[in-house]
Structures are given as C-alpha cells and as structure tokens.
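Reviewing the structure listed below.
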Amino acid sequence: MPYLTSQPTGTASTDLRIGFGVPGYAHPLVAPVEWGGLTLPGTPLHWVVLNVSDGPGARPDPHCLEAAGRLRNAGVRVLGHLDVTYGARAFGELVSEAHRYLDWYQVDGFFLDRCPTERTALPEIRRTADTLRALTGDGHLVLGHGTHPYPGYAEAADQLVTFSGPWSDYRWSQVAEWTAEYPPERFCHFVHGMPRGHLDEALRIARWQGASTIYFTDRTDRGGSADPWESLPGYWDELVSRIGTGVSE
C-alpha cells in the first residue's frame, strides 16, 4: 500500500475518468499492431505521443504521417515528442522541432520529455511552454518530469507526469501534498514492469494519488537498456476493458 501524505478531493471516487496517455510506441513499421489498435472503439485515450526519430526527424515520414492522421481523424489528441534533456536543450532547437511537428504532422500539442524538476529551471520551461502555446493556440502541453517537481510547474502546462518508473517503486510511492490543490486531470503516471495480477492495485494507487492519465505495462527497461513503452503490454485488452467499465473501490 503506498503511503499517502494527502488525498486529493474525489480521487477515491469511481466517477474519476481514468484514461491512457501513451508515452510513444516504436515506429509504425515496427509496431503496426500497437498503432492500429489505438483507434479501436472504446479505447479510453487522452493522448498519444508521436516520436518519429528522437523528435520529428529530418524530413516528413509518410508512415508516421499516416498513423498520426488516423488518430486525429478518430478524435485522438497527438502530441509531438520534445526532449528537453533536463534543461540542457537550447530553446531555439526545441522551437525548431516544434515547428517541424506542426508543419509535417499537425500535432495537437507537445510532450516535453525529461523535463527538469528544480525551481531554478522553471523560468526557462515557462518560456518554452508559452512559446509552444503561441504556436499551437489551444495545444495540449504535458511536462514529463517522471517525479514530483517544484509546485510552480503545475501552472506551466496542462498536465505533469509525476511518476514514471517500475512497479517495484510505484506500489510504495508517495504523493506530494501540494498536488491536492489540483484536480486529477492534471497528473499522469507511467508504470513499467507491472505484472498482470496487480492491475487492480495499480489502478487504486492512481486513483488515491489523484492521477487520471495512466499507462501501465508489463514490459521492462531491462536495466535501462530498453524502452518499455515501445510495445503493447501483454494485458492491454484486459486493461482497456477495466478502465472502460470503471473500477470499483
């Protein structure tokens, strides 16, 4: 059972609309089943990250364009992947990549991966976020911290990823008290290496900690040598079914 420092209002309610944020599958040629399955009716998707080649790539990719187009035609929000590298990436590089995502794939917003967490980095992230908002209009912005950042980041984007890691850490994770000031729609949890038998427990943790966007998988990072998000979890259909029908507490 995870230790909870505070319980955000309503997080234990079965009315909480949990859905998926997909961190980014492998290229559509490598993972056609994954990309094709995202448009199946009844899949509760909040958004899907498009990472062509560590970003938008050097030229438009017709396979990624087709995959992104199918999702957008199905009403699914597609986010371009921007690697902030914990604040080391130059502002101009990020804006240039954002322009390519918009020009080539008509993305609906951006996922800022490896986002810094400290207070001193916040002004530059705000600058980047404000610029991306100006480019996209009402585009959706997600900051991929992977842990709880300085609270001020919550005002810089639509959502924050406050957990990204293995199940062995998630099941004992703590929620920061300041998150109680925001609704569950503002937070995302990504969990890898999670066995099928713990689906109910993991969903309860997400609800109790106040995160309405999740992605759980039994794939692992193999000690940091692999991307656990590149393929579907073995229990994907079961997970979709559980979220679609609601989970009783």
Side-chain angles (χ1 to χ4, degrees), residues 17-57 61 63-83 101 105-115 139-146 157-167 170 184-194 199 202-203 206 211-221 226-244:
R17 296 290 185 178
I18 286 184
F20 299 114
V22 179
Y25 289 139
H27 191 278
L29 285 179
V30 178
V33 174
E34 281 77 355
W35 285 98
L38 291 175
T39 56
L40 293 178
T43 305
L45 285 170
H46 290 170
W47 41 261
V48 176
V49 174
L50 176 66
N51 188 1
V52 180
S53 179
D54 293 326
D61 184 309
H63 304 288
C64 290
L65 181 60
E66 181 182 359
R70 283 199 303 267
L71 288 171
R72 297 185 73 248
N73 289 339
V76 178
R77 186 183 281 137
V78 178
L79 306 182
H81 178 277
L82 299 176
D83 188 354
Y101 266 119
Y105 304 106
Q106 293 78 53
V107 295
D108 306 294
F110 295 96
F111 179 84
L112 276 62
D113 198 10
R114 297 202 289 177
C115 193
H140 194 76
L141 296 183
V142 181
L143 302 184
H145 304 284
D158 297 288
Q159 291 186 298
L160 310 181
V161 179
T162 53
F163 184 91
S164 181
W167 166 245
Y170 189 59
E185 291 78 16
R186 302 295 300 279
F187 302 105
C188 316
H189 290 172
F190 299 157
V191 184
H192 61 75
M194 196 191 76
L199 284 179
L203 287 168
S212 70
T213 299
I214 60 102
Y215 191 82
F216 300 155
T217 181
D218 52 357
R219 311 307 183 195
T220 70
D221 65 355
D227 182 352
W229 321 119
E230 284 190 335
S231 61
L232 281 173
Y235 43 67
W236 175 250
D237 290 342
E238 181 179 351
L239 184 55
V240 169
S241 176
R242 290 188 185 213
I243 291 180

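This chain uses plain numbering: 1 for the first residue, then up along the sequence. Keep in mind the model is a prediction, meaning the values are calculated, not measured.
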Non-hydrogen atoms of A226 and P228 that approach each other most closely:
O-CD, 3.4 Å

Mind listing the closest non-hydrogen atom pair of N51 and G55 along with its distance?
OD1-N, 2.8 Å

Any residue meeting side-chain hydrogen bond (donor to acceptor under 3.5 Å, both in side chains) with Y215, in chain and number order, not counting sequence neighbours
Y25

Derivation of the side chain to side chain contact (heavy atoms under 4.5 Å, CB included) call for V22 and L38
CA-CA 9 Å; V22 179; L38 291 175; 4.1 Å; yes

Using atom types as modelled and distance alone, determine if a side-chain donor or acceptor of R242 lies under 3.5 Å from a backbone N or O of L203.
no

NE2-CG distance between H189 and L160, expressed to the nearest 0.5 angstrom
10.0 Å

Residues at least two apart in sequence or cross-chain that pass salt bridge (charged side-chain N to carboxylate O under 4.0 Å, His left out) with R77, listed by chain then number, are none

With rounding to the nearest 0.5 angstrom, report the CZ to CZ distance, F187 to F163.
15.5 Å

For the pair F111 and C188, evaluate side chain to side chain contact (heavy atoms under 4.5 Å, CB included) and give the outcome as yes or no after the intermediate values.
CA-CA 12 Å; F111 179 84; C188 316; over 6 Å; no

Out of curiosity, R72 CZ to T39 OG1, how far, rounded to the nearest 0.5 Å?
14.5 Å

With side chain to side chain contact (heavy atoms under 4.5 Å, CB included) as the criterion, how do I214 and V191 come out once you've worked through the C-alpha distance, each side chain's angles and the decisive distance to 0.1 Å?
CA-CA 8 Å; I214 60 102; V191 184; over 6 Å; no

Would you please name every residue forming a ring pair (Phe, Tyr, Trp, His ring centres under 6.0 Å) with F110, sequence neighbours left out?
none

Under the side-chain hydrogen bond (donor to acceptor under 3.5 Å, both in side chains) test, residues paired with T217 that sit two or more places apart
none

Restricting to non-hydrogen atoms, name the atom on T220 and the atom on G193 that form the minimum distance, rounded to 0.1 Å.
CG2-CA, 3.9 Å

Could you tell me which non-hydrogen atom of H81 sits nearest to which non-hydrogen atom of V49, and how far apart they are?
CB-CG1, 3.7 Å

Non-neighbouring partners of P44 that pass side-chain contact (heavy atoms from CB on, under 4.5 Å), sequence neighbours left out
F20, V240, I243

Any residue meeting side-chain hydrogen bond (donor to acceptor under 3.5 Å, both in side chains) with R186, in chain and number order, not counting sequence neighbours
none

Closest contact, heavy atoms only, P233 versus F216
CG-O, 3.6 Å

Which distance, rounded to the nearest 0.5 Å, do you find between the OG of S164 and the CZ of R114?
12.0 Å

Assess whether side chain to side chain contact (heavy atoms under 4.5 Å, CB included) is satisfied between Q106 and V78, documenting all intermediate values.
CA-CA 8 Å; Q106 293 78 53; V78 178; over 6 Å; no

Would you please name every residue forming a ring pair (Phe, Tyr, Trp, His ring centres under 6.0 Å) with Y101, sequence neighbours left out?
none

Please identify each residue that fulfils side-chain contact (heavy atoms from CB on, under 4.5 Å) with D61, with sequence neighbours left out.
H27, V52, H63, C64, Y105

Under 3.5 Å: donor-acceptor pair, side chain of D218, backbone of G234:
yes

Tell me every residue that passes side-chain contact (heavy atoms from CB on, under 4.5 Å) with E66, counting only those two or more places apart in sequence or in another chain.
R70

Just how far is it from atom NE2 of H140 to atom CG of D108, taken to the nearest 0.5 Å?
10.0 Å

Drop me the distance from T43's OG1 to L239's CG, to the nearest 0.5 angstrom.
10.5 Å

Go through the structure and list residues passing side-chain hydrogen bond (donor to acceptor under 3.5 Å, both in side chains) with W35, not counting sequence neighbours.
none

Can a donor-acceptor pair be found, under 3.5 Å and without considering hydrogens, that links the side chain of R219 to the backbone of L232?
yes

Going by side-chain contact (heavy atoms from CB on, under 4.5 Å), name the residues that satisfy it together with H46, two or more places apart in sequence or in a different chain.
S212, T213

Partners of D158 by salt bridge (charged side-chain N to carboxylate O under 4.0 Å, His left out), sequence neighbours excluded?
R133

